[in-house]
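Written out below as structure tokens is the structure these notes cover.
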Amino acid sequence: MQRILILLVSFLAISAAGPAGPAHAADADETFRAITKASVFDHIIPRYEHLATAGAGLEAAATAYCQGRTAQNFTALDSAFRSYWLTWAGIRHIQFGPVQIKNRGFRIQFWPDFRNKVGKQLSRVLAAENSAALEKTTFAKTSIAVQGLPALERLLVDGHAGFAGSKGSFKCTLTETIASNLTTMAKHVATDWNPTDGYAHTVAMAGTEDSLYSEAYEVPVELLQSLLGELEASHDVRLGRPLGSEMDKARPKLAEAWRSGLSKAILVESLKGAGDLYRSGGFDQALREVGEIALADRITAGFQTTVAQATALDGSLYDAFTAPERRDALRALRADLKTLTGLLGTKLAVALDISPGFNSRDGD
């Protein structure tokens with residue numbers, strides 16, 4: 001309901017402004033292209049390149065561990081796994097473009113997983129011990145629930161000791177396969193954003209016949225949807241579902257990456273990533289250029305506040321959901337996330353003549 005209200009208010013406000021004249025339209029297109037350029041070159045491409053680098057490290061660590069299963073090599077593998085996930089958390093909000101090709105985004109992270117598809121599918125793969133199913137091309141077509149980070153998290157959760165015994169060899173091969181799959185997808189997404197003939201060129205040409213986007217404003221709309229979608233995911237899924245309405249309804253095992261203890265760190269990186277898209281992606285500058293300095297300051301402060309709140313959460317996020325004295329801090333964070341989402345989805349959208357529409361995570 002909150003999402004529908006935000007969209008309705010934004011649509012009515014923009015519609016009430018009336019049609020733009022040619023000069024205004026030209027100025028608006030210049031603003032839209034500036035946002036697009038800044039977002040692509042100062043935010044999206046660098047972060048996908050970092051993800052590709054993290055992927056190379058993860059693949060190398062998985063190979064090293066499976067060639068020499070030692071506690072030291074496992075520590076390096078676990079560290080590389082965490083680095084990849086946190087890097088992904090900072091760019092996961094981009095849900096358009098190359099990350100959508102072949103379901104790459106959901107293959108990297110099948111989440112939320114309310115029906116435990118990851119656990120069920122992973123159990124089947126481990127029980128079958130079919131090495132042929134782990135061939136690179138074949139595995140890329142298997143259930144997306146076992147292709148990415150949540151499945152890898154389950155494989156690593158028992159530590160070095162979890163790879164002992166008769167099934168340890170197949171489990172390690174599966175670990176290598178998932179790591180390689182994650183690396184390949186990260187590399188391809190980064191490559192597909194190249195400015196020569198990739199998606200960076202497509203968005204730069206928005207409003208021309210050489211682009212999938214018929215109007216220049218459509219790219220900032222995609223970017224704003226990314227911001228709203230990620231903030232709503234944190235408010236509703238990362239925090240809301242595990243927290244529950246009351247203490248006895250808390251379900252901490254619905255928290256993202258709770259097995260590895262990464263829930264809090266992922267939340268922080270997600271908020272930092274969204275904030276960087278707002279600032280480095282040109283939205284902040286665009287607001288200031290149209291005289292909305294107070295609004296730009298409020299949104300900047302909103303991102304700073306929510307990041308600080310998430311960082312300051314005491315202990316693990318998993319434990320916080322069931323700790324009476326810490327639930328208030330989670331509620332306060334959710335309230336500020338709701339306010340920030342409203343500022344972006346209504347006031348920023350109106351100020352820049354951008355209607356956010358529905359994002360890729362919306363339900364029916």
Side-chain angles (χ1 to χ4, degrees), residues 7 10-11 13-15 17-50 90-91 93-101 189-231 273-297 299-300 303 343-360:
L7 293 172
S10 176
F11 176 77
I14 291 173
S15 299
H24 179 81
D27 290 342
D29 279 356
E30 184 177 345
T31 297
F32 298 148
R33 292 194 173 94
I35 291 173
T36 297
K37 181 178 180 181
S39 294
V40 169
F41 290 100
D42 297 336
H43 179 80
I44 295 174
I45 289 179
R47 285 178 178 255
Y48 276 136
E49 288 177 345
H50 291 158
I91 190 59
H93 50 270
I94 298 298
Q95 291 291 315
F96 67 95
V99 77
Q100 287 187 322
I101 297 174
V189 172
T191 300
D192 288 350
W193 267 99
N194 80 82
T196 303
D197 58 0
Y199 211 77
H201 176 75
T202 297
V203 297
M205 299 302 292
T208 73
E209 294 181 355
D210 294 331
S211 177
L212 298 172
Y213 299 95
S214 59
E215 301 289 346
Y217 78 86
E218 294 175 12
V219 182
V221 166
E222 295 258 43
L223 294 163
L224 182 55
Q225 287 176 331
S226 294
L227 280 175
L228 294 173
E230 192 66 11
L231 293 177
D276 186 67
L277 174 56
Y278 166 74
R279 291 186 302 275
S280 300
F283 286 101
D284 183 79
Q285 181 176 343
L287 283 177
R288 297 179 190 281
E289 288 178 351
V290 298
E292 294 285 353
I293 297 173
L295 175 58
D297 287 344
I299 294 174
T300 296
F303 276 113
L343 289 174
L344 292 165
T346 56
K347 294 187 179 298
L348 178 144
V350 171
L352 299 181
D353 288 345
I354 302 172
S355 179
F358 289 92
N359 68 60
S360 62

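All figures in this text were calculated on a predicted structure; none of them were measured in a lab.
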Residue pairs passing the side chain to side chain donor-acceptor pair (under 3.5 Å) test where at least one lies in residues 201-211, sequence neighbours excluded | none
Is [X] reaching over with its side chain to a backbone N or O of [Y], donor-acceptor style, under 3.5 angstrom?
X	Y	value
Ser226	His93	yes
Gln100	Gln95	yes
Arg33	Ala216	no

Pairing residues for Phe283 by the ring-ring contact (aromatic ring centres under 6.0 Å, His included) criterion, not counting sequence neighbours = none
List in chain and number order the residues that pass ring-ring contact (aromatic ring centres under 6.0 Å, His included) with Phe96, two or more places apart in sequence or in another chain; answer none if no residue qualifies.
->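 Phe96 satisfies ring-ring contact (aromatic ring centres under 6.0 Å, His included) with no residue once adjacent residues are dropped.
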Under the salt bridge (Lys or Arg N to Asp or Glu O under 4.0 Å) rule, collect the residues that match up with Asp297, sequence neighbours excluded.
-> Arg288
Tyr217: partners by side chain to side chain donor-acceptor pair (under 3.5 Å), with sequence neighbours left out =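 Partners of Tyr217 by the side chain to side chain donor-acceptor pair (under 3.5 Å) criterion come out as none, since no residue qualifies.
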Give, for atom CG of Asp27 and atom CZ of Phe32, the distance between the pair rounded to the nearest 0.5 Å.
->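 Spacing of CG (Asp27) from CZ (Phe32) equals 10.5 Å.
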Sort and list the pairs that fulfil salt bridge (Lys or Arg N to Asp or Glu O under 4.0 Å) and have at least one residue in residues 190-207, not counting sequence neighbours.
-> Arg104-Asp192
Do Leu352 and Val290 have side-chain heavy atoms sitting under 4.5 Å apart?
-> yes
Using every non-hydrogen atom in the two residues, find where [X] and [Y] come nearest and quote the distance to one decimal.
X	Y	answer
Leu223	Thr36	CD1-CA, 4.5 Å
Ile94	Leu277	CD1-CD2, 4.2 Å
Leu227	Ala274	CD2-O, 3.0 Å

